[in-house]
Amino acid sequence: MAYSEDILNKSIDPATQEMLARMKELDIETIWDRLEAMQPQCGFGELGVCCRNCTQGPCRIDPFGEGPQLGVCGATADTIVARNLLRMTAAGAAAHSDHGRDIAHTLLETGLGKTEGYEIKDEAKLMALATEYGIETEDLSKEKIAVAVARVAYAEFGAQEGPLHFLGRVPKVRQELWEKLGLVPRGIDREIVECMHRTHMGVDHDYVNLTLHGLRTSIADGWGGSMIATDFSDVLFGTPKPLRSLSNLGTLKQDEVNIILHGHEPTLSEMIVAAANDPELIALAKKYGAKGINLVGMCCTGNEVLMRQGVPIAGNFLQQELAIATGAVEAMIVDVQCIMPAVVNVANCFHTKIISTSPKAKFPGATHIEFHEEHAYTIAKQIVKAAVENYRARNKGRVHIPDETMELMAGFSVEAIVAALGGSLDPLLNAIKSGDIKGLAGVVGCNNVKAKHDYGHLRLVENLIQDNILVVNTGCNAIACAKAGLLLPGAAEKAGDGLKAVCKALGIPPVLHMGSCVDCSRILVALAAVANALGVDISDLPVAGAAPEWMSEKAVSIGSYFVASGVYTILGIVPPVLGSKALTELLTDGAEGVVGAKFGVATDPDEMSRLMIEHIEKKRESLGI
Ligand code: SF4
Ligand code: MSK
């Protein structure tokens, strides 16, 4: 089908193009329409030079040097931009870490026997965590060990002194560097609170000092809250292993009850998966004329249930409204993060129910069925039942599902990668040393309506694999790659000869899906393992990171902890820092002399891959390989 230039400029994904045309035809507003209506967006905000941290403002610095150069209190552009960035880091780290805390809570309650439907699925990982935490496990049941482990993790959030336990996973030389720089986080919550304190009116005005605290806070996220989220989810729901599934909007079914799981946390979604298989509910669906119950995921809750249960993934961030506009969705179940309030407006044009479930995230106009672990399965059944009953309200004449699906292989936890390598990292290290694999790239992050949907993700990843760089990914990048077929072993045909041969020998794709946003922590663990095996720091490795289409504050924290950990990281969307030349220079240049890595910014994915490849080649040269 030929679409207008306007639609082709919005997305390169055929299912998205089709639904954009459909929504135009139905006159339903999308995020792209709202972006257009929002023009021109505030230039001060884009540069990061506006401050409303006290009521003497709002203040903004004139970027052209003609108007005010100081806020009412005397704050400079450097102070204001650095404070704003630190608040973004704090919000991102808080989102990830609060998610981690919730998973620790579920493990605690499960160990205490207070939850319904949960069990400890990966006992080996629980035991490994207990050892890492120094917990004596002899003669203890796995439930008692779970309680002890969860209590140690709980304490990590409120600790007043560091280091966090998982910092023991960081290469020694980097631990020492962080110690020297004062970057070792104390408690996770403490660092986030301190961000808010420092950015309060009249506290920290030194952009370098503010930025260093941003790095420390991000470390508390990556090596703290996010890592707890990942590891504890693995204990409760199982550590992912390679599996096959499907992606894109064509995973919605004409003749079944369609339920979309959207958001970030696996606690509820895992129970919904179980409830959707309940014979009683399937029988009810059949009674109403549906052939069954079809669960699909979206964004990172989707990634969580894809990685562990093989639940198909319907799309990434920019597809949430479009999925509802298929008219085939009985319920979109949402928890926290990346859920646009506008989904309620689109749902109002159809029979779809938006069911919010978290006490932390309510959506005006949605149905709220609050989720609590103590009655997890009962509530999950109630939610699925509401969706099934809503099938009767579906207007079959308005159903329009794009016929787009793509197979994928996901489930590459660090453990799964090591297993695919035959039980040790050696084959990977040898391939890196021989040059068959030039290096590793972590490509992560969101979609952003300001960038052509999925284009930056795919172009960058294709360029990298062509140049024999093995890509690991998470979040919405992984979903973009899934839809384009890059998560299949057959995608090795698109890779350079060296990487192609390695992938074929191991039967793996050249792009390995490692999970949701919090699972960027898996990438950190993998990098630490490679660095330790080579006896070097992470900053010495031929690796680079990128977030081609990022939009969320979580991405600021992720980018920061990658840089703090020694990974050169390129952003495809310019962060709001250009209003401070000094801070921009610190992030994109000076940081390298401090933590051995820096940020890059490139809005063109070809430029982005060029910079990453150049960096990887430079590191190979320094390592003498
Ligand atoms: Fe203006 Fe200073 Fe108040 Fe910010 S803290 S709003 S720069 S007076
Ligand atoms: S869902 S944070 S849009 S990756 Fe994790 Fe996607 Fe970004 Fe949300």
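Whatever order the structure lists them in is the order used to number ligands and atoms, beginning at 1.
For atom 5 (Fe) of ligand 2, the closest heavy atom belonging to the protein is C517 SG, 2.1 Å. Looking at atom 3 (Fe) of ligand 1, its nearest protein heavy atom turns out to be C54 SG, 2.3 Å. Ranking the protein heavy atoms by distance from atom 2 (Fe) of ligand 1 puts C73 SG, 2.4 Å first. Nearest protein neighbour of atom 3 (S) of ligand 2, counting heavy atoms only, is C446 CB, 3.3 Å. Nearest protein neighbour of atom 8 (Fe) of ligand 2, counting heavy atoms only, is C338 SG, 2.2 Å.
If you check the side chains of T230 and D519, you find a donor sitting under 3.5 Å from an acceptor. Between S218 and D221, the side chains place no donor N or O within less than 3.5 Å of an acceptor N or O (distance only, hydrogens not considered). At a cut-off of 3.5 Å, with distance as the only test, a side-chain donor of H264 or K554 sits close to an acceptor on the other residue. Side-chain atoms of N248 and Q319 include a donor-acceptor pair closer than 3.5 Å. Between S11 and Q17, the side chains place no donor N or O within less than 3.5 Å of an acceptor N or O (distance only, hydrogens not considered).
Residue contacts to atom 2 (Fe) of ligand 1: C59 brings no N, O or S atom closer than 2.8 Å.
Look at H205 and you'll find every heavy atom at least 4.0 Å from all atoms of ligand 1.
In summary, the atoms of ligand 2 found under 4.0 Å from a heavy atom of M551, numbered by their order in the structure, are 3 (S). Every atom of ligand 2 is numbered from 1 in the order shown, and the set under 4.0 Å from a heavy atom of C300 is 1 (S), 5 (Fe). Every atom of ligand 2 with a heavy atom of C299 under 4.0 Å away is listed here by number and element: 1 (S). Every atom of ligand 2 with a heavy atom of C476 under 4.0 Å away is listed here by number and element: 1 (S), 3 (S), 4 (S), 6 (Fe). Within the listing of ligand 2, atoms 4 (S) sit less than 4.0 angstrom from a heavy atom of G445. Atom numbering of ligand 2 starts at 1 in the shown order; those under 4.0 Å from a heavy atom of H264 are 1 (S), 5 (Fe), 8 (Fe). Interface of M201 with ligand 1, defined as ligand atoms under 4.0 Å from a residue heavy atom, comprises 5 (S). Near S552, meaning under 4.0 Å from any of its heavy atoms, are these atoms of ligand 2: 2 (S). With ligand atoms numbered from 1 in the order given, ligand 1 contributes 4 (Fe), 5 (S), 6 (S), 7 (S) to contacts under 4.0 Å with heavy atoms of C51.
The main-chain N or O of V334 is found under 3.5 Å from a side-chain atom of T357 such that the two form a donor-acceptor pair. Looking only at distances, no side-chain donor or acceptor of N447 sits under 3.5 Å from a matching main-chain atom of C476.
A salt bridge links R308 to D234: one of the charged nitrogens lies within less than 4.0 Å of a carboxylate oxygen.
In E36, the CD atom is not crowded: 12 or fewer heavy atoms of neighbouring residues, nucleotides or ligands sit closer than 6.0 Å. For K581, the NZ atom is loosely surrounded, since the number of other residues' heavy atoms within 6.0 Å does not exceed 12.
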